[in-house]
Amino acid sequence: MFTYWRGYEIDGSSTAYNIVVPQRELISEVLRYFISLKIIDRKSDIFLSYTEREKSASKEFECKKGKYKHDEMEKICEILESPAVDSFFINVDCIHPDKLYHQVRNELYSISKTRPGAEDRVYNYINPTVSPFRFGPDLRVTFEFSFEEEQAVENHEPEGLVFNREALVNNLRGRHFTITLGCGPCFIYEYAAYINSKLAERFPEIGIDGGLDCEGGFIDGCTYSCSLYEYERITLASENIAETIKILMGEGLIFPQKNVGRYGHEILPCENLFLFNLYNVDRWLDEIIGGKSKALKGILEGKKEYTPEEYECIVRKLSEVEMFDSVDFMHYCTCCVKIGDNNCALTCIKENGRVWMELRVVSEIRDDVVNKLRLHNISIKE
Amino acid sequence: MIYRAEPGTLMMFNADNGITAVVSGNELYSLKKYLEAGVENEFIYRLIDLKLIPEEISECERQEILKEIENTESISAPLRSFAVPESIHIDITTFCPLNCPQCYKDTSKNIEMPFGKFSDIIDRAKALKVFQIALGGGEPLTVGNLPAFVKKVVSCKMSCTITTSGCGLTEELLDELRESGINHIQVSLNGSTKEINSYSRDGFDEAVSSLNILSGSSVQFGINWVARRDNVKDFENIVNYAKELKADNINILRYKPSVREDYGKNLLTKEDFNLLVAAIRKVRGIKIKIDSAFSNILCHIYGNRINPINCGCGAGRRFMMIDPLGRFKPCSHMSLVSEEQDMLQYWLNSPDIAKLRQIEECIYGDCKHCSYLKVCRGCRAICERLQNDINAGEINCPVLNRKEMV
């Protein structure tokens, strides 16, 4: 067990306690640590909503919202620590795996082998990545704290991933505060395990449970459905994008696809390259993604299918937009192409001011694709 | 840092940041592994970040902590108490130049604790590994060599705080206290205006002057504010004033009986109490502290979620008090004075303290039937004064929550 409190003894006051009790200060400490984790994106905004009780024992709550930057944590913690705040909820984004520092990336990938049920899987990856398509990883995670009025305590059996089991059961019995971390079905298992294991190690007085997918396990359900290994990145050495695409198409190595239908779920062959992730860009709202949709609409001007030359031209224009980071750029340049029977991606990446083409292929066919590229004298960037 | 064994638990205290920590079980094992074999983990980094263990630990410190960890297996503590006091309140003088209506202290005789006596007490406290020393009086600033008192405490690694009316604080004296290592100064003020303050206290100008001096310094400070019927509506103004000064905290003290006043006239009504709690809940941007006699406020806000270690009367369980004659008491508000000479013997064996540790079994009246008994226990000093019995329950507590109604 570990607990601590801050304060100096004051004469005449017979031991003074803080109104902000250690449990609430602990939540503040946990939040600060959570936000500081290396997989949390410090460039994204923190969305906060909370309920505040006007009077003691009053049932009247006021709901409030706000948006903060990461360097405004003091303001957020001040709200959290107020005894008038009964529940508190923040949304924050994680960093895309492609943008993680090398050390953190390695640490995340090493977690895969500990995934229950996946012990026998072989991870012979070279340059793995998540799905590049619009239904790729959902990297938003929520941090919610609330008072739990109903207590499922005595017979509570923690399920899923469990850390610090004894602390978990004791805390539930003691009816202390609850912190809930939430994520969407397309969150990455390794990210969830990373967050939970870091919190558990740092805060042994906190019990953690949860994490089962909807199939009751860890690898088969739609929860944590986004895999770190789904695709392999093959970066091509030529900077002549249009010419390279013409060779790939001409030799029958890739067949462009487009998405159709109201929600873009149907994938059909097409003549030219189709910007897969931007199929509904006309409906994007500027305020949601901070001005990016305006920039995109200005460049694309309603066009979605491109010849190789037109595609290269668009890619060059997109590469000059400063507000697009490396993941944005890759995401917007992504076209779906069929390689064999598999839907893969043709996209571009920006590195040190230069633009490179990339194929992101289903992991199982990586070696085959590399061999075919070499056969057609298409060089691969090592 | 000070490390001290309690049964099954290691307690740690850093005087620089005022953090007290309790480590037991797997976490204690984790600390032990770090000290013995250098095994690091996020929990260890957290202890380092909280400055509970040094980043670069000397061999001497390592051995000291390991020895205390070993002692956790054999040390014993009295019922519901720490093995030794966590803190000691010491009144170093009875003299005060003011004449506050609400004062509960006997200032008829001018008694100052000799430095030699004080020094012996501090040496003993150091040997016992007490964490904090809180100095008061009378008016402690009237003690001529006050910086020497502070220096003595600080040299023993304990934290040192002073509670004062502000009377006599100058920039020069504050500099000396700062150089002596004072950790915190608390100034008593009961109103944001002279008029409101004067209902219960004297020396408004002196208090304000001292707060201005403190505000311009690097010494951490706060305001002691006694909640009464004649100033409860002024609480928000005091909060705003404290925030303007950039005070660290406002400590809300419960009004206690004084020989100079009609206690019932200034006691908070239930409406006043609720008004105060509502105002407390709204405060942002400054720490609010609560006198442990006001634990019912914590119960009201947090219900049974409150942890007993951070609530309830601490007299005889967490702290004790020493008067200018060197006599021991559980709390300065109580009349129970002891002639015992040895601090540890008093802590372990005093019948007065034993009574306070058995309150849960011996209390009667409303408190006995309240669901918050174990975390609150009411104010024994008030009950002793009003009903002549420390086991008497509170009367008309606005937070009473009868068990049969839960």
**Q** Between G285(B), S188(B), S295(B), G222(B), which has the largest tally of heavy atom pairs under 4.5 Å with chain A?
**A** G285(B)
**Q** Of all heavy-atom pairs between E42(B) and E201(A), which one has the smallest distance, and what is that distance?
**A** N-OE2, 2.6 Å
**Q** For L52(B), is it the side chain, the backbone, both or neither that has a heavy atom under 4.5 Å from a heavy atom of chain A?
**A** side chain
**Q** Do you know which two heavy atoms are closest between R202(A) and F43(B), and how far apart they sit?
**A** O-CD1, 3.8 Å
**Q** Would you mind checking which part of A279(B) comes under 4.5 Å of any heavy atom in chain A, side chain (CB onward), backbone (N, CA, C, O), both or neither?
**A** neither
**Q** Shorter than 4.5 Å, heavy atoms on both sides: which option in M11(B), R284(B), R46(B) has the most such pairs with chain A?
**A** R46(B)
**Q** If we define contacts as heavy-atom pairs under 4.5 Å, which of T163(B), V226(B), T20(B) has the most with chain A?
**A** T20(B)
**Q** I need the minimum non-hydrogen distance between P83(A) and R281(B), along with the two atoms involved.
**A** O-NH2, 3.4 Å
**Q** Heavy-atom cut-off 4.5 Å, strictly under: side chain, backbone, both or neither for I297(B) against chain A?
**A** side chain
**Q** Would you mind checking which part of L135(B) comes under 4.5 Å of any heavy atom in chain A, side chain (CB onward), backbone (N, CA, C, O), both or neither?
**A** backbone
**Q** May I ask you to list the residues in residues 29-42 of chain A that approach chain B closer than 4.5 angstrom, counting heavy atoms only, ordered by number?
**A** E29(A), Y33(A)
**Q** Only pairs of heavy atoms separated by less than 4.5 Å count here; which of Q220(B), M12(B), Q186(B) has the most with chain A?
**A** Q186(B)
**Q** Testing the basics here: between T161(B) and Y8(A), what is the closest heavy-atom pair and its distance to 0.1 Å?
**A** CG2-CB, 3.5 Å
**Q** Please determine whether a side-chain nitrogen of the Lys or Arg among K287(B) and E78(A) lies less than 4.0 Å from a carboxylate oxygen of the Asp or Glu.
**A** no
**Q** When rounded to the nearest 0.5 angstrom, what distance separates CD in E205(A) from CG in N26(B)?
**A** 12.0 Å
**Q** Tell me, out of G137(B), C311(B), A381(B), who's got the most heavy-atom pairs with chain A below 4.5 Å.
**A** C311(B)
**Q** In terms of heavy-atom pairs under 4.5 Å, which option from L28(B), N14(B), D49(B) contacts chain A the most?
**A** D49(B)
**Q** Which value, rounded to the nearest 0.5 Å, describes the distance between L50(B) atom CG and Y4(A) atom OH?
**A** 5.0 Å
**Q** State, yes or no, whether a side-chain contact exists between M1(A) and V23(B) at a heavy-atom distance under 4.5 Å.
**A** no
**Q** Looking at every non-hydrogen atom in both residues, tell me the closest pair between I90(B) and D11(A) and how far apart they are.
**A** N-OD1, 4.4 Å
**Q** Checking the side chain of Q132(B) only, and the main-chain atoms of E9(A) only, is there a donor and an acceptor separated by less than 3.5 Å?
**A** yes
**Q** For the atom pair CD1 (I288(B)) and OG (S82(A)), what is the distance rounded to the nearest 0.5 Å?
**A** 10.5 Å
